[in-house]
Amino acid sequence: SLSLTGKKVDYSIHNYPTHGSNEHRVEEFVAYLQSQNCPNIVIIAHSMGGLLSVDAARKLRNLRQADRKVNICGILAFDSPYFGVNPSVVGNQTEKVLKTVSSFGSMFQSAGKLRDEPIKPASSYGKAAVGGIFAVAAVAAFATAYQSSPAVRSLANNAVNTVAQHSEFLGPLWMIDGQFQRMNELKVMIANGFIFSGIYLRRLGGSETFIILPNEPYISLFRAIEFDVTDPVDAHTHMFDDLKFTKSYFELLDESVSFCTKAYSTFKTQF
């Protein structure tokens, strides 16, 4: 537990497999949230976790009041690809991404066992988290692989089997209608008092981002934190590594504290 202006705040970390039905993962997350002995919850999510969290909030919102045991007050999403992964950025590093994905076969296979593992600090990823991130990157890398050398095309073929089992979970990355439906429902929730903030990474002094940025009217929900790094994939994967990205890490920490404080202030009569 943490203390926030004299109030007790409990926290927990939810690990989830990055394969199988995305809808099933959302249902699992909703069940997990409903099981928490806490009526009001703020979610801090990363990458695909941001999509999972918004979809869980949407599903809870559609439940009957009598069946809803928890209220998600807000979601802070870090570098979550609500409109997909930027193929031009990942495409510049296609070979690196595919080599990494190809080596993660055993890592993916053990992803479903994570719930029995001890919780690790935010600066180090569990197997499912790293595997899922590179599977996301691989989706964009495949788009450019077949325009590259035979060696890169071979890497793509070798990585296909590894990523295939994650394709259903990653479906929201290329379901355009679903992307707009998700964000439109989020806008309605925000109009009714829900709090949301999307933080995305941008290369210091440049414009490269790992995620595809939305246009209006959604871009106002997002803002950038600059990373002093030439590799957006590396920044996305290790953004919570306090040793590798010390300055940016503390910016992310400050964002988290500010967001939770805002959520507490908004819903203090319910906490």
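Position 1 is the first residue of the sequence, and the numbers go up from there.
The shortest heavy-atom contact between Leu76 and Ile199 is CD1-CG1, 3.9 Å. Of all heavy-atom pairs spanning Ala57 and Met189, the tightest one is CB-CE, 3.6 Å. Summarising the geometry of Ile211 relative to Tyr200, their closest heavy-atom pair is CD1-CB, 3.6 Å, with the distance given to 0.1 Å. What you find for Ala263 and Ile195 is that their closest heavy atoms are CA-CD1, 3.7 Å. A pairwise comparison of heavy atoms in Ile72 and Ile75 identifies CG2-CG1, 4.1 Å as the closest pair. Ala56 and Leu33 get closest at one heavy-atom pair: CB-CD1, 4.2 Å.
To the nearest 0.5 Å, atoms OG (Ser12) and CD1 (Ile41) are separated by 7.0 Å. Once rounded to the nearest 0.5 Å, the distance linking CE of Met48 with CG of Asn22 reads 5.5 Å. Considering CD of Glu28 and OG of Ser21, their distance stands at 9.0 Å, rounded to 0.5 Å. Considering NE2 of His236 and OG1 of Thr209, their distance stands at 11.5 Å, rounded to 0.5 Å.
Although no hydrogens or angles enter the test, the distance criterion places no donor-acceptor pair under 3.5 Å between the side chain of Lys69 and the main chain of Gln36. Using modelled atom types, no side-chain atom of Ser80 and backbone atom of Ala77 make a donor-acceptor pair closer than 3.5 Å. A donor-acceptor pair under 3.5 Å is formed between the side chain of Asp79 and the backbone N or O of Leu201. Although no hydrogens or angles enter the test, the distance criterion places no donor-acceptor pair under 3.5 Å between the side chain of Ser47 and the main chain of Gly49. Ser256 contributes a side-chain N or O that, together with a main-chain N or O of Leu252, makes up a donor-acceptor pair within less than 3.5 Å. The closest donor-acceptor contact from the side chain of Arg68 to the backbone of Leu63 lies under 3.5 Å. Side-chain atoms of Gln34 never come within 3.5 Å of backbone atoms of Leu60 as a donor-acceptor pair (strictly under, hydrogens ignored). In this structure a side-chain-to-backbone donor-acceptor pair under 3.5 Å is missing from Asp242 to Tyr249.
The side-chain heavy atoms of Leu221 and Lys187, taken from C-beta on, include a pair separated by under 4.5 Å. In this structure the side chain of Phe245 reaches within 4.5 angstrom of the side chain of Asp234, judged on heavy atoms. Taking the side chain as every heavy atom from C-beta outward, Asn184 and Gln181 never approach each other to under 4.5 Å. Within the 4.5 Å cutoff, no side-chain heavy atoms of Arg203 are placed close to those of Phe227.
In this pair, Phe240 and His46 present their aromatic rings perpendicular. The plane angle is above 60°, beyond the 30 to 60° band.
Cluster annotation: Leu204 is not connected to Leu213 through the hydrophobic network of ILVMFWY side chains, with a link wherever side-chain heavy atoms come within less than 4.5 Å. Grouping the Ile, Leu, Val, Met, Phe, Trp and Tyr side chains by contacts below 4.5 angstrom, directly or via other members, places Leu243 apart from Phe250. Linking Ile, Leu, Val, Met, Phe, Trp and Tyr residues whenever their side-chain heavy atoms come within less than 4.5 Å places Ile190 and Val54 in a single cluster. Clustering ILVMFWY residues whenever any of their side-chain heavy atoms sit less than 4.5 angstrom apart, transitively, puts Leu51 in a cluster other than the one holding Val188.
Taking a 6.0 Å sphere around CG of Asp228, one finds it holds 12 or fewer heavy atoms contributed by other residues, nucleotides or ligands.
Two rings, from Phe29 and His14, have their centers less than 6.0 Å apart.
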Stepwise ring pair (Phe, Tyr, Trp, His ring centres under 6.0 Å) check, Phe180 with Phe83: CA-CA 8 Å; Phe180 283 100; Phe83 288 89; 5.4 Å; yes
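Every side chain to side chain contact (heavy atoms under 4.5 Å, CB included) that Glu27 has, sequence neighbours left out, goes to Glu23, His24, Lys59. Among residues two or more places apart in sequence or in another chain, the side chain to side chain donor-acceptor pair (under 3.5 Å) test is passed with Asn62 by none. By the ring-ring contact (aromatic ring centres under 6.0 Å, His included) test, Phe196 is found to be paired with Tyr82, Phe222, residues two or more places apart in sequence or in another chain being considered. For the side chain to side chain donor-acceptor pair (under 3.5 Å) test, residues two or more places apart in sequence or in another chain that qualify with Lys247 are Glu251. Remark: Phe259 pairs with no residue by the ring-ring contact (aromatic ring centres under 6.0 Å, His included) rule, at least two apart or across chains.
For residues 43-55, every residue pair satisfying the salt bridge (Lys or Arg N to Asp or Glu O under 4.0 Å) rule, not counting sequence neighbours, is listed here: Asp55-Arg58, Asp55-Arg182.
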